[in-house]
Amino acid sequence: MKRYTVAVVGATGMVGRTLLAILEERTFPVGTLRPLASARSAGKTVRFCGKDLPIAILDETSFDGVDIALFSAGSAVSERFAPIAAQAGAVVIDNTSHFRYQDEIPLVVPEVNREAIFRHRGIIANPNCSTAQLVLVLAAIHRREPVQRMVVSTYQSVSGAGYSLVEELHRQTRQGLDGERPQTADGGPAIAFNVIPRIDRFLDGGQTKEEMKMLWETHKILGDESIGVCCTCVRVPVNVGHAESVNLTFQRPVSPEEIRHWLGDAPGVVVMDDPKQNLFPTPATIAGSDPVAVGRIRQDTSHECGINLWVVADNLRKGAALNAVQIAEEYIKGP
């Protein structure tokens with residue numbers, strides 16, 4: 001079996017470490033692993049396949065001889081270094097938002113649009129974590145019965161914003177449990193014991209960029225701009241795992257039983273939906289697992305052609321690292 005030189009950019013971050021774990025778990029054919037990070041990580045090591053590998057400092061020469069480069073170090077880093085990696089001959093799989101909306105860059109969830117991988121020109125984009133889990137479910141339904149409109153409310157964990165917000169949640173929680181008012185560094189609303197209806201910056205019209213990402217990316221991945229998409233994205237005090245309340249409207253009535261059947265056949269999806277047994281997915285039960293879990297499948301009481309769903313996934317895995325590794329797996333298999 002051919003083995004590959006794989007670079008992981010941002011190897012010390014939450015997604016970067018998850019990338020390393022998943023490459024190892026899935027026995028990806030790594031010949032040489034090249035963990036890369038900024039100068040702040042000088043002297044650090046990462047664990048991979050039983051060995052402690054030193055972090056190399058990212059620079060313009062980091063990609064000589066690299067076959068696949070997995071990027072997860074922020075948009076500014078990808079903007080600068082992803083083209084350099086591609087020019088050096090690596091196939092870049094980028095987990096940031098920088099390339100997602102460029103027409104010539106494929107935006108891929110392998111179970112949904114695998115064929116787009118092979119239209120790359122050196123760079124392939126990984127979708128936003130909330131979009132990745134959503135489109136996996138949506139595609140399995142939309143291909144059986146076209147969805148006319150979708151209303152989504154997300155409940156996104158702090159790990160979606162990286163270590164800093166995880167640490168901030170823990171700090172604020174300790175303050176609250178000690179009877180203090182949780183304090184924030186920027187004067188904004190505390191995340192501990194709270195929910196915040198803003199992720200990313202506000203745009204003209206009142207939407208946040210996170211909300212618009214879900215609209216843009218859903219249309220691009222499915223190749224269908226006819227689906228109406230309305231989102232509200234909310235940050236919640238949960239360590240790992242994004243949840244989504246999804247309302248779908250069809251042209252004809254669709255039963256919950258049909259939805260369960262379609263999703264039961266969908267790759268990467270698991271149905272956890274048994275109200276009599278109090279069975280439904282939560283971030284706590286899904287964290288650390290790969291599938292996107294769906295429950296609370298029920299009729300919309302306000303619309304005869306509507307269905308409600310509850311969708312949960314580990315945002316560090318299918319929402320980021322797992323999807324990137326799956327893209328790499330499909331790439332090496334070929335068209």
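The structure displayed is predicted, hence computed values, not measured ones.
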K.L.:
Assess whether a salt bridge exists between Asp290 and Lys318, defined as any Lys/Arg side-chain N lying under 4.0 Å from an Asp/Glu carboxylate O.
P.N.:
no

K.L.:
With the threshold set at 4.0 Å, does a side-chain nitrogen-carboxylate oxygen contact exist between Arg121 and Glu104?
P.N.:
no

K.L.:
For Asp59 and Ser62, which I'm curious about, is there any donor-acceptor pair between the side chains at under 3.5 Å?
P.N.:
yes

K.L.:
Decide yes or no on side-chain contact (heavy atoms from CB on, under 4.5 Å) for Gln207 and Met214, but give the supporting numbers first.
P.N.:
CA-CA 11 Å; Gln207 310 294 328; Met214 294 189 71; over 6 Å; no

K.L.:
May I ask you to check whether over 12 heavy atoms, not counting those of Asp186, lie within 6.0 Å of atom CG?
P.N.:
yes

K.L.:
Which value, rounded to the nearest 0.5 Å, describes the distance between Leu263 atom CG and Met272 atom CE?
P.N.:
13.5 Å

K.L.:
What closest approach, in Å, do Val254 and Ile307 show between heavy atoms, and which atom pair accounts for it?
P.N.:
O-CD1, 3.2 Å

K.L.:
Looking at side-chain heavy atoms only, is the closest gap between Ile117 and Arg114 below 4.5 Å?
P.N.:
yes

K.L.:
Do the side chains of Thr282 and Ile286 get nearer than 4.5 Å, heavy atoms only?
P.N.:
no

K.L.:
How close do Asp314 and Ser289 get, counting heavy atoms only, and between which atoms?
P.N.:
CB-O, 3.7 Å

K.L.:
For the backbone of Ala190 and the side chain of Asn194, can you confirm whether one donor and one acceptor N or O come within less than 3.5 Å of each other?
P.N.:
yes

K.L.:
Taking only Lys NZ, Arg NE, NH1 and NH2, and the carboxylate oxygens of Asp or Glu, determine whether Glu25 and Arg317 approach each other closer than 4.0 Å.
P.N.:
yes

K.L.:
Please tell me if the side chains of Ile221 and Pro127 come closer than 4.5 Å, counting only heavy atoms from C-beta onward.
P.N.:
yes

K.L.:
Take atom CD in Gln87; do more than 12 heavy atoms of anything else shown fall under 6.0 Å from it?
P.N.:
no

K.L.:
Quick one, Tyr4 with Ile332, criterion side-chain contact (heavy atoms from CB on, under 4.5 Å). Give me CA distance, side-chain angles, the key distance, then yes/no.
P.N.:
CA-CA 9 Å; Tyr4 298 84; Ile332 65 175; 3.6 Å; yes

K.L.:
Using the benzene-type ring in the case of Trp, are the ring centres of Phe28 and Tyr331 under 6.0 Å apart?
P.N.:
no

K.L.:
Under the 3.5 angstrom rule, does the side chain of Thr18 hit a backbone N or O of Met14 as a donor-acceptor pair?
P.N.:
yes

K.L.:
If you measure only the distance, is there a donor-acceptor pair under 3.5 Å linking the side chains of Asn308 and Asn247?
P.N.:
yes

K.L.:
Are Val6 and Phe63 connected, step by step, through hydrophobic side chains (Ile, Leu, Val, Met, Phe, Trp, Tyr) whose heavy atoms are closer than 4.5 Å?
P.N.:
no

K.L.:
Looking only at atom types and distance, does a side-chain atom of Arg298 sit under 3.5 Å from a main-chain N or O of Arg296, one as donor and one as acceptor?
P.N.:
yes

K.L.:
Do Asn113 and Leu107 come close enough that some side-chain heavy atom pair is under 4.5 Å?
P.N.:
no

K.L.:
Please name the pair of heavy atoms, one in His142 and one in Val147, separated by the smallest distance, quoted to 0.1 Å.
P.N.:
ND1-N, 2.8 Å

K.L.:
Going hydrophobic residue to hydrophobic residue with side-chain gaps under 4.5 angstrom, can you get from Phe202 over to Ile196?
P.N.:
no

K.L.:
So which heavy atom on Ile105 is nearest to which on Phe99, and how close?
P.N.:
CB-O, 3.5 Å

K.L.:
Say whether, by atom type as modelled, one donor and one acceptor occur between the side chain of Lys220 and the main chain of Gln102 under 3.5 angstrom.
P.N.:
yes

K.L.:
So do Phe250 and Ile141 actually touch side chain to side chain, heavy atoms under 4.5 Å?
P.N.:
yes

K.L.:
Enter the distance from Thr173:OG1 to Glu168:CD here, rounded to the nearest 0.5 Å.
P.N.:
9.5 Å

K.L.:
Look only at the side chain of Arg47 and the backbone of Gly50, and say whether a donor-acceptor pair between them is shorter than 3.5 Å.
P.N.:
yes

K.L.:
Give the intermediate values and the outcome of side-chain contact (heavy atoms from CB on, under 4.5 Å) for residues Ile124 and Val92.
P.N.:
CA-CA 6 Å; Ile124 303 166; Val92 172; over 6 Å; no

K.L.:
Decide, yes or no, whether a salt bridge links Arg252 with Glu258 under the criterion of side-chain N to carboxylate O below 4.0 Å.
P.N.:
yes

K.L.:
Can Glu211 and Thr208 be counted as having a side-chain donor-acceptor contact under 3.5 angstrom?
P.N.:
yes

K.L.:
Given Asn128, which partner from the list Gln133, Lys209, Glu210, Lys213 fulfils the side chain to side chain donor-acceptor pair (under 3.5 Å) test?
P.N.:
Glu210

K.L.:
Kindly compute the distance separating SG (Cys129) from CG (Asn323), expressed to the nearest 0.5 Å.
P.N.:
11.0 Å

K.L.:
Can you measure from CD (Glu79) to NE2 (His98) and round to the nearest 0.5 angstrom?
P.N.:
4.0 Å

K.L.:
Side chain of Asn315, backbone of Gly241: donor and acceptor closer than 3.5 Å?
P.N.:
yes

K.L.:
Taking Glu24 for the side chain and Phe48 for the main chain, is one N or O donor matched with an acceptor at less than 3.5 Å?
P.N.:
no

K.L.:
Hey, could you give me each pair passing ring-ring contact (aromatic ring centres under 6.0 Å, His included) that has a residue in residues 208-231? Not counting sequence neighbours.
P.N.:
Tyr101-Trp216

K.L.:
Would you say Gln277's side chain and Pro275's backbone share a donor-acceptor pair under 3.5 angstrom?
P.N.:
no

K.L.:
Restricting to non-hydrogen atoms, name the atom on Leu36 and the atom on Ile55 that form the minimum distance, rounded to 0.1 Å.
P.N.:
C-CG2, 4.3 Å

K.L.:
Is it true that a side-chain atom of Asn126 and a backbone atom of Ala320 form a donor plus acceptor pair closer than 3.5 Å?
P.N.:
yes

K.L.:
Using the side chain to side chain contact (heavy atoms under 4.5 Å, CB included) rule, pick out the option among Thr45, Leu33, Leu20, Thr32 that qualifies with Leu53.
P.N.:
Leu33

K.L.:
For the hydrophobic clusters of this structure (ILVMFWY residues joined by side-chain heavy atoms under 4.5 Å, transitively), does one cluster hold both Leu222 and Val137?
P.N.:
yes

K.L.:
For residues 226-236, please give each side-chain donor-acceptor pair under 3.5 Å, one per line with the distance, not counting sequence neighbours.
P.N.:
unit_1, atom_1, unit_2, atom_2, d
Ser226, OG, Asp224, OD1, 2.5
Ser226, OG, Asp224, OD2, 3.3
Arg235, NH1, Ser157, O, 2.8

K.L.:
Hey, could you give me the CH2/CD1 distance between Trp262 and Ile297, rounded to the nearest 0.5 Å?
P.N.:
11.5 Å

K.L.:
Are Asp273 and Arg260 close enough that some pair of their side-chain heavy atoms sits under 4.5 Å apart?
P.N.:
yes

K.L.:
Check whether any side-chain heavy atom of Met150 lies under 4.5 Å from a side-chain heavy atom of Leu134, and answer yes or no.
P.N.:
yes

K.L.:
Identify whether Val135 and Leu248 are in the same connected component of the hydrophobic contact network (ILVMFWY, side-chain heavy atoms under 4.5 Å).
P.N.:
yes

K.L.:
Is it true that, when you exclude Glu180 itself, more than 12 heavy atoms of the residues, nucleotides or ligands shown sit nearer than 6.0 Å to its CD?
P.N.:
yes

K.L.:
Same hydrophobic cluster for Val112 and Val108, using side-chain heavy-atom links shorter than 4.5 Å among ILVMFWY?
P.N.:
no

K.L.:
Thr218 and Leu138: side-chain contact (heavy atoms from CB on, under 4.5 Å), yes or no, with the steps?
P.N.:
CA-CA 9 Å; Thr218 295; Leu138 182 62; 3.7 Å; yes

K.L.:
Determine whether more than 12 heavy atoms belonging to other residues, nucleotides or ligands lie under 6.0 Å from atom CD of Glu225.
P.N.:
no

K.L.:
Supply the atom-to-atom distance Arg171 CZ to Thr184 OG1, rounded to the nearest 0.5 angstrom.
P.N.:
8.0 Å

K.L.:
Would you say that Leu70 contacts Val9 through its side chain, given a criterion of any heavy-atom pair below 4.5 Å between the two side chains?
P.N.:
no

K.L.:
Looking at Pro237 and Ile191, what are the two nearest heavy atoms and their distance?
P.N.:
CB-O, 3.4 Å

K.L.:
Look at the side chain of Arg17 and the backbone N and O of Thr12, then say whether any donor-acceptor pair between them is shorter than 3.5 Å.
P.N.:
yes

